[in-house]
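Scroll down for the structure; my scribbles are underneath it.
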Amino acid sequence: MTLRLFLLIAVLAVTTPAIAETYDIVLSGGRVMDPESGMDAIRNVGITNGKIARISDQALDGRQQLDARGLVVAPGFIDLHQHAQDAASGRLKVFDGVTTALEMEIGVPDVTEFLRRKQGNSLIHYGTTASHPAARALAFSTPLKDPFLVPPSGPSTNDAASDEQLRLIESRLRTELDAGALGIGMGIQYTPGASHLEVIRMFRLAAERRVPVFTHVRSFGRLEPGSSIEAVSEVIGAAAIAGASLHIAHLNSSCLADGPECLSLIAGARARGLDVTTEAYPYEAGMTTINSALFNPGWREKLGVGYDALQLPDTGERLSKERFEQLHAAPEAIPVILFANTQPMVDTMIEAPLVMIASDGEDGHPRNAGTFTRILKRYVRERRSLTLMDAIRKMSLMPAQRLERSTPAARAKGRLQEGADADVIAFDPQSVGDRATYRAPREPSAGMKFVIVDGVLLIDRGALLPGRFPGRAITARPAPAS
Ligand SMILES: [Zn+2]
């Protein structure tokens with residue numbers, strides 16, 4: 001081939017598709033923001049076959065044209081910490097701009113069953129870690145049953161595991177990782193019987209399988225032994241010993257008033273070359289089940305709070321000692337909201353550059369519905385303490401980068417770039433915001449005008465389109481050959 005002919009073909013190859021191509025969807029005239037490249041410009045976005053095919057300042061032809069003028073067009077948000085995986089919660093996540101919501105902190109009790117249940121049935125992408133608490137419950141012959149995510153306080157949470165039980169836990173976690181789990185989830189505060197060595201062995205298993213450990217750390221508060229500082233040090237130590245990656249869940253509620261110190265521990269570990277990341281959610285109160293080991297004796301002393309720090313969702317009932325003891329002894333998984341943090345400390349965590357956003361979403365807490373748009377409303381628009389680009393980075397690129405340790409598929413997520421997955425949102429920066437409250441926790445967020453998941457339009461001009469379930473499983477890469 002002559003050089004001239006080659007150049008002619010090359011020029012045609014580059015220019016022809018832009019003229020001739022008709023995209024499935026074109027979002028036109030929006031302010032396109034990509035936290036990886038730094039792009040922040042008015043562009044048209046062409047989407048075809050679930051991928052972002054073209055980003056251009058030229059007009060694009062689409063079978064469906066969406067007018068994004070005045071809107072911010074961003075990568076869909078990725079929530080690494082979403083417990084509630086039911087249909088109603090999925091709907092709330094879409095209105096909050098979330099296109100991927102993963103159960104990473106603890107992990108579901110049965111990965112295969114979870115993936116089967118969600119397949120073809122989910123608005124947004126889903127995935128899970130392998131659950132250490134569930135594997136432990138199984139090894140203690142008290143398997144976890146729906147809707148329990150962590151076992152009620154008892155032998156499987158409070159007793160030390162025997163050598164044989166430890167082997168059973170590891171074996172179960174291997175099976176769950178083979179089934180597609182994205183890491184190992186450890187709620188150490190919910191299994192206080194787990195020894196330091198048991199924790200280290202789980203980190204060794206994660207390192208062997210080259211997946212991260214996601215964890216709710218062992219304790220909170222300032223009382224020693226058992227402070228937040230000790231709890232964070234334990235998992236950083238285990239990560240260093242084993243050579244595993246580590247993600248610490250909700251630094252806000254695990255570290256409370258020692259949040260800045262916990263951040264400095266993580267920054268120190270990272271400066272020494274360890275792969276340690278963390279997240280926070282923008283609410284003062286936490287939420288958990290009242291019969292869990294988190295409420296083993298001593299919890300009030302650790303937190304420095306009274307029984308009235310506990311509130312039942314929806315009714316707003318504040319608990320007394322008698323009411324607490326009655327509910328703590330109940331066999332059901334009763335959710336309770338726990339007020340133990342201050343707004344200034346939450347703000348410090350959210351605004352710290354190291355911290356990504358994750359909701360810890362559970363039904364009955366406003367964080368399930370409002371976490372992501374609350375960041376845009378409170379921190380970008382009202383406090384002006386985060387730039388819009390930094391907020392988008394904390395909610396899309398940073399969690400995608402964390403996920404890349406589990407699966408290379410995450411490299412196509414959290415970015416608004418040609419070739420990336422078409423998980424795209426477009427919102428009105430002036431009106432976007434959360435509406436859920438403690439008393440009305442299921443109010444969908446406002447301001448999402450378009451939400452596209454895997455190239456499928458889910459929210460069109462603010463309305464959810466029925467009968468579309470484009471969510472796909474995100475699972476780990478196949479185990480490396482040994
Ligand atoms: Zn937690």
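First listed ligand is number 1; within each ligand, the first listed atom is number 1.
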### Message
Evaluate N341 against Y283 for side chain to side chain donor-acceptor pair (under 3.5 Å), listing each step before the verdict.
### Response
CA-CA 9 Å; N341 211 353; Y283 295 88; over 6 Å; no
#### Entry: Proximal protein heteroatoms (N, O or S) of the Zn ion (ligand 1), under 2.8 Å
E105 OE2, H216 ND1, H250 NE2
### Message
Strictly by disulfide (SG to SG under 2.5 Å), give each pair with a member in residues 253-312 just once, sequence neighbours left out.
### Response
C255-C262
#### Entry: K394: partners by side-chain contact (heavy atoms from CB on, under 4.5 Å), with sequence neighbours left out
V355, I357, L386, M398
Table please: side-chain donor-acceptor pairs of residues 134-141 below 3.5 Å, with sequence neighbours left out.
residue	atom	partner	partner atom	Å
R136	NE	E198	OE2	2.9
R136	NH1	S156	O	2.7
R136	NH1	D159	O	3.1
R136	NH2	D159	O	2.8
R136	NH2	G193	O	3.4
R136	NH2	E198	OE1	3.1

### Task
Measure the acute angle between the ring planes of F295 and F324, then classify it against the limits of 30° and 60° as parallel, tilted or perpendicular.
perpendicular
### Task
Please determine, by modelled atom types, if E103 and H81 share a side-chain donor-acceptor pair under 3.5 angstrom.
no
